[in-house]
Structure formats: structure tokens, C-alpha cells
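Remarks on the structure that follows.
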Amino acid sequence: MAWSVSALLLAVSDALAARFGSVTVRGELSGFTRAASGHCYFTLKDSSGAGAGLRCAMFRRSASMLDFAPQDGQQVEIRGRLSVYEARGELQMVAEHMRRLGTGSLYEEFLRLKARLESQGLFDTGRKRPLPRFPLRVGLITSASGAALHDVLTTLARRAPHVQVVLYPSLVQGVEAPAALCQALQQANQRNEVEVLLLCRGGGSLEDLWAFNDERLVRAVAASTLPVLCGVGHETDLTLADLAADLRAPTPTGAAELVAPSREAQWQVLQQGATRLQAAVHRRLDRCAQDIDLRALRLQQPGQRLRLQRAGVAALQARLSQGVMHQLRQAALNLQQRRDSVAFAGTRAMEREANGLQMLRSRLDALNPQRVLARGYAWVEGKEGQARTSVAGLKAGDVLTAVWADGRARMTVDAVSSDKG
């Protein structure tokens, strides 16, 4: 009888359920994830370090009853049932209950050390330094025989072959690894021949990566004068050295990608910049050409420009001549008006003077002594020619002159008598 795959897996699953029923197993959590549906998936690893692992699933209803937050590295005890996941044909355990074991686990020690170092400021983001953007010499602290060295060198050769790598070999696992890593880090800082340090190791369990949680190494990383980029384990692995470094990469390959930008990508950036610059120069030249054309149109031909200037000058001369003639005519008219005004005023003044003169002549004629003498009166003068208008002061023998209208006579006074009583 030949089984179909699904039938065989179903039979094995039924046999497991009948043989084991509900089982309880202890181990270390690894790769714990919680899906959006609320279901949890993880691997339960053997605490003895034998490398055995059991895939597990805890569905949302059971996961909602947990009284702690499961994390990788925790020692737990799980109760559930064994089954076969038909889609992959893998043995899995459906966990119905999980409890955390005692506080002496390795992960608990990791949490305690993390909290203590964090309180001392070793993980503060304010103390982290930016990495050089385009380094030419990169230091690499890792095992000389590990896969991390190959990954970093391959990635740098592909992305930035011009970057020189200086290897500071060190143990990366075991009891002696922390001291060796600290020595390599100290050596790199003393020689000061690179611009940035890569602290790398491949993936592994919490125990495998424990050297990168050692307090001595964490403090050495934080005290490094050279910037440190840490790429330890897989993306889900986290060590205290990662937290103390200036930058954390998910993997050694990721560290190489972060420390050296791709030459092709930078070349593309330069080409794009050159294209944009060339386009900007062309646009500027086009605008300048249009501006020159516009100015040329405004400038026109020199002969035409001169003709326009001459026409303008002629127009100005005509306007000037018309203005001068108009002003002359206006001045002549004003002069004639003033001449007429002066002549009229002179005539009036002469008439007024003639009338006044006639009046004075009439008055003079009225007062002329000759006219009085012509009526029969005479003018008497003394010896000195002074008028004698009274007998006062006369005496017999005085010589007088009598003046009439038609002549004069010389007389001698014989006697004087006065009409005053």
C-alpha cells in the first residue's frame, strides 16, 4: 500500500497525539514573533546547548493569557500537544500554556546588565558620532577564519573596491573572546590608521554571541576614539555592543554596505548631478541668447538708428523755431500794446499839462500888473526901486518914479499929507 504525503502526515500526527497527548517541555526561546493575527511563532532550543530545536506555535487565545512578554533567550516551560505541520511536513508543538522559568537565565543577566549600563549613559544617542561618508581605510575586527570576514570583504570589493581594509583579527566566541576583542579594539585606536571600525560576527545563539555582551567590551566600544559600526549576528540578534556602538548594522554584510556607499550608486548620483548641471547651463544659455536677441532688436541697425536720431533732431528744431517765432510775435504784440499805452498816457498827460498851463496863464494874466496899469493905475517906486505903497516915510524933496502902462516919469515930492485923521 502506498501512502499519499498528506495521508502519511495525518497518520503521523494522529499517532503523535495518541502516543504523547499533552506534554511539557523546557527550553530557550528563539526567533519569537507575534503576527498581526495575534498568533505567536517561535523555536524552543535545548538549554544544554545540544543544538536541538522544536518549532512551536501558540494561537491567539492561548497567547492572550500570557502574564509576561516572551523574548528571545528566555528560559520557559511550555505545555501543549505535538503535531505535524502538513504544509512543510515538520514536527511542531502547539503551545497551550507558557511560563517563565527562574531569573537566573542568561537572558535575565543580559537585561540586568543592559539596564545598568543604560543608566550610566553608555547607550545615549547624544554621544554617538556620525560615520565618515566616504572612508578610504576601514578597520575590521572579527575572526580571521569566520564567515563574517568573507562577507565584509566580498561586499566591499563589489561596492567600493577602492576602500582599503585593515584586519584586526580576534576571537569572537568563548571565554577568551571578550579580552581578545578589547585588545583588538585598543590596538586599532592606538595605530589610528583607519577612519572607522567594523566590529562583526556571524549569527548564533545568545550563548554564541555572549562575548559581545561582556561589560569590558561594551565600555571599550563606548570609549573608542574611532567611530565604531557594529554588525553582529542576524537582523533579530541584539547585543550590548550594538547599543554602545555609534551605529548598528543588522548583519556583517549590512555593516559593509553602510560603511561604504556603492561606487555605482555614487557614479549614478554624479551622472544625475552632471545631467542636471548641463541642463541648467543650457537653460541659462538659452535665456542669455533670448536676451541678446531682444537687445539686438531694440538696438536695430546703426543707419536706421541715425535716421531716427536725425528725424528727432529735425522735429525738435521745428518745434524750437515755431516756439521762437511765437515768442517773437508775442513780444512784438506786447511791445506795440505797451507803445500804444505809453502814447495814450503821454497824450493824456500833455493834455492835462496844457490845461493846467492855460489855467496858470489865465491866473497869471489876471494878476499881471501891466493889465492893472492899463486901466489907469500907476506904480510908484522909491529911489532904490522899491515899491512905495504908502506915504509913510515920505518927506518933501524925495525923488519918486511913477510907472504907467505906457511909460514912466520922475517926480519930486513937494509936500506930504496923510488921510489918517
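- Distance CG/Leu171 to CZ/Arg201: 11.0 Å, rounded to 0.5 Å.
- Taking Pro70 as the reference, Leu29, Phe32, Arg34, Leu66, Phe68, Gln74, Met98 meet the side chain to side chain contact (heavy atoms under 4.5 Å, CB included) condition, with sequence neighbours excluded.
- One distance of note links NZ of Lys45 with CD of Gln75; it measures 10.5 Å at 0.5 Å rounding.
- Between Gly231 and Ala255 the shortest heavy-atom distance is CA-CB, 4.3 Å.
- Looking only at atom types and distance, the side chain of Arg339 has a donor-acceptor partner in the side chain of Gln336 under 3.5 Å away.
- Among pairs with a residue in residues 241-259, those fulfilling side-chain hydrogen bond (donor to acceptor under 3.5 Å, both in side chains) read Arg129-Asp246, Thr239-Asp242, at least two apart in sequence or across chains.
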- Task: Could you walk me through whether Leu198 and Val165 pass the side-chain contact (heavy atoms from CB on, under 4.5 Å) test, one step at a time?
- Result: CA-CA 10 Å; Leu198 302 185; Val165 180; over 6 Å; no
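- For Leu136, the side chain to side chain contact (heavy atoms under 4.5 Å, CB included) partners two or more places apart in sequence, or in a different chain, are His162, Glu195.
- Within the 4.5 Å cutoff, no side-chain heavy atoms of Leu240 are placed close to those of Leu122.
- By the 4.5 Å heavy-atom criterion applied to side chains, Leu243 and Lys114 are counted as neighbours.
- Residues meeting the side chain to side chain contact (heavy atoms under 4.5 Å, CB included) test with Gln164, sequence neighbours left out: Arg137.
- Minimum heavy-atom separation, Ser37 to His39: OG-CD2, 3.2 Å.
- Pairs passing the salt bridge (charged side-chain N to carboxylate O under 4.0 Å, His left out) check and including a residue from residues 147-163, sequence neighbours excluded, do not occur.
- By the 4.0 Å N-to-carboxylate-O rule, Glu77 lies close enough to Arg26 to be salt-bridged with it.
- With sequence neighbours excluded, the residues that form a side-chain hydrogen bond (donor to acceptor under 3.5 Å, both in side chains) with Gln120 are Arg219.
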- Item | Derivation of the side-chain contact (heavy atoms from CB on, under 4.5 Å) call for Leu44 and Met93 | CA-CA 9 Å; Leu44 194 65; Met93 181 175 183; 5.6 Å; no
Show me the donor-acceptor pairs, under 3.5 Å and distance only, between side chains in residues 343-356 and residues at least two apart or in other chains.
| residue | atom | partner | partner atom | Å |
| --- | --- | --- | --- | --- |
| Thr347 | OG1 | Ala343 | O | 2.9 |
| Asn355 | ND2 | Glu351 | O | 3.2 |

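- In this structure, Arg79 and Ser22 have side chains that are in contact, with non-hydrogen atoms separated by less than 4.5 Å.
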Do any side-chain atoms of residues 179-194 form donor-acceptor pairs under 3.5 angstrom with protein atoms, and if so which ones, sequence neighbours left out?
| residue | atom | partner | partner atom | Å |
| --- | --- | --- | --- | --- |
| Asn189 | OD1 | Ser224 | OG | 3.2 |
| Asn189 | OD1 | Thr225 | N | 2.9 |
| Asn189 | OD1 | Thr225 | OG1 | 2.6 |
| Asn189 | OD1 | Leu226 | N | 3.1 |
| Asn189 | ND2 | Leu185 | O | 2.8 |
| Asn189 | ND2 | Ser224 | OG | 3.2 |
| Arg191 | NE | Glu193 | OE2 | 2.7 |
| Arg191 | NH2 | Glu193 | OE1 | 3.4 |
| Arg191 | NH2 | Glu193 | OE2 | 2.5 |
| Glu193 | OE2 | Tyr168 | OH | 2.8 |

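- Among all heavy-atom pairs drawn from His150 and Thr154, the shortest one is O-OG1, 2.7 Å.
- Rounding to the nearest 0.5 angstrom, the gap separating the CG atom in Leu328 from the CG atom in Leu335 is 12.0 Å.
- Shown here for Leu156 and Ala256, the closest heavy-atom pair between the two residues is CD2-O, 3.7 Å.
- Applying the 6.0 Å contact sphere to CD of Glu381 captures more than 12 heavy atoms from other residues, nucleotides or ligands.
- Closest of all the heavy-atom pairs between Gly233 and Pro252 is O-CD, 3.8 Å.
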- Item | side-chain contact (heavy atoms from CB on, under 4.5 Å) evaluation trace for Asp46 with Leu54 | CA-CA 8 Å; Asp46 200 320; Leu54 176 63; over 6 Å; no
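- Evaluation of the salt bridge (charged side-chain N to carboxylate O under 4.0 Å, His left out) rule for Asp214 yields Arg216 as partners, not counting sequence neighbours.
- Residues Cys200 and Val152 are in side-chain contact: their nearest non-hydrogen atoms beyond the backbone lie under 4.5 Å apart.
- Applying the side chain to side chain contact (heavy atoms under 4.5 Å, CB included) test to Leu247 and every residue at least two apart in sequence or in another chain returns Leu131, Leu229, Leu258.
- The side-chain heavy atoms of Arg284 and Val281, taken from C-beta on, include no pair separated by under 4.5 Å.
- Residues Gln92 and Ser83 meet the side-chain proximity criterion, which asks for heavy atoms closer than 4.5 Å.
- Side-chain contact between Val172 and Asp208 is absent, with no heavy atoms from C-beta onward closer than 4.5 Å.
- Summarising the geometry, atom OG1 belonging to Thr142 is positioned 8.0 Å from atom CG belonging to Leu199; distances are rounded to the nearest 0.5 Å.
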- Would you check, one step at a time, whether the test side-chain contact (heavy atoms from CB on, under 4.5 Å) holds for Ile78 with Phe42? CA-CA 12 Å; Ile78 297 175; Phe42 55 92; 3.4 Å; yes
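- The CG atom of Leu113 lies 7.0 Å from the CD atom of Glu109; values are rounded to the nearest 0.5 Å.
- Within a 6.0 Å radius of CZ in Arg361, other residues, nucleotides and ligands contribute more than 12 heavy atoms.
- Checked against ring-ring contact (aromatic ring centres under 6.0 Å, His included), Tyr85 has no partners two or more places apart in sequence or in another chain.
- In terms of heavy-atom proximity, Ala144 sits nearest to Pro169 at CB-CB, 4.1 Å.
- Counting heavy atoms from C-beta on, the side chains of Asp72 and Leu238 never come closer than 4.5 Å.
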Could you pull out every donor-acceptor pair under 3.5 Å between side chains of residues 404-415 and any protein atom, sequence neighbours left out?
none

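- The SG atom of Cys230 lies 11.0 Å from the CG atom of Leu197; values are rounded to the nearest 0.5 Å.
- There is no side-chain donor-acceptor pair under 3.5 Å between Arg287 and Gln290.
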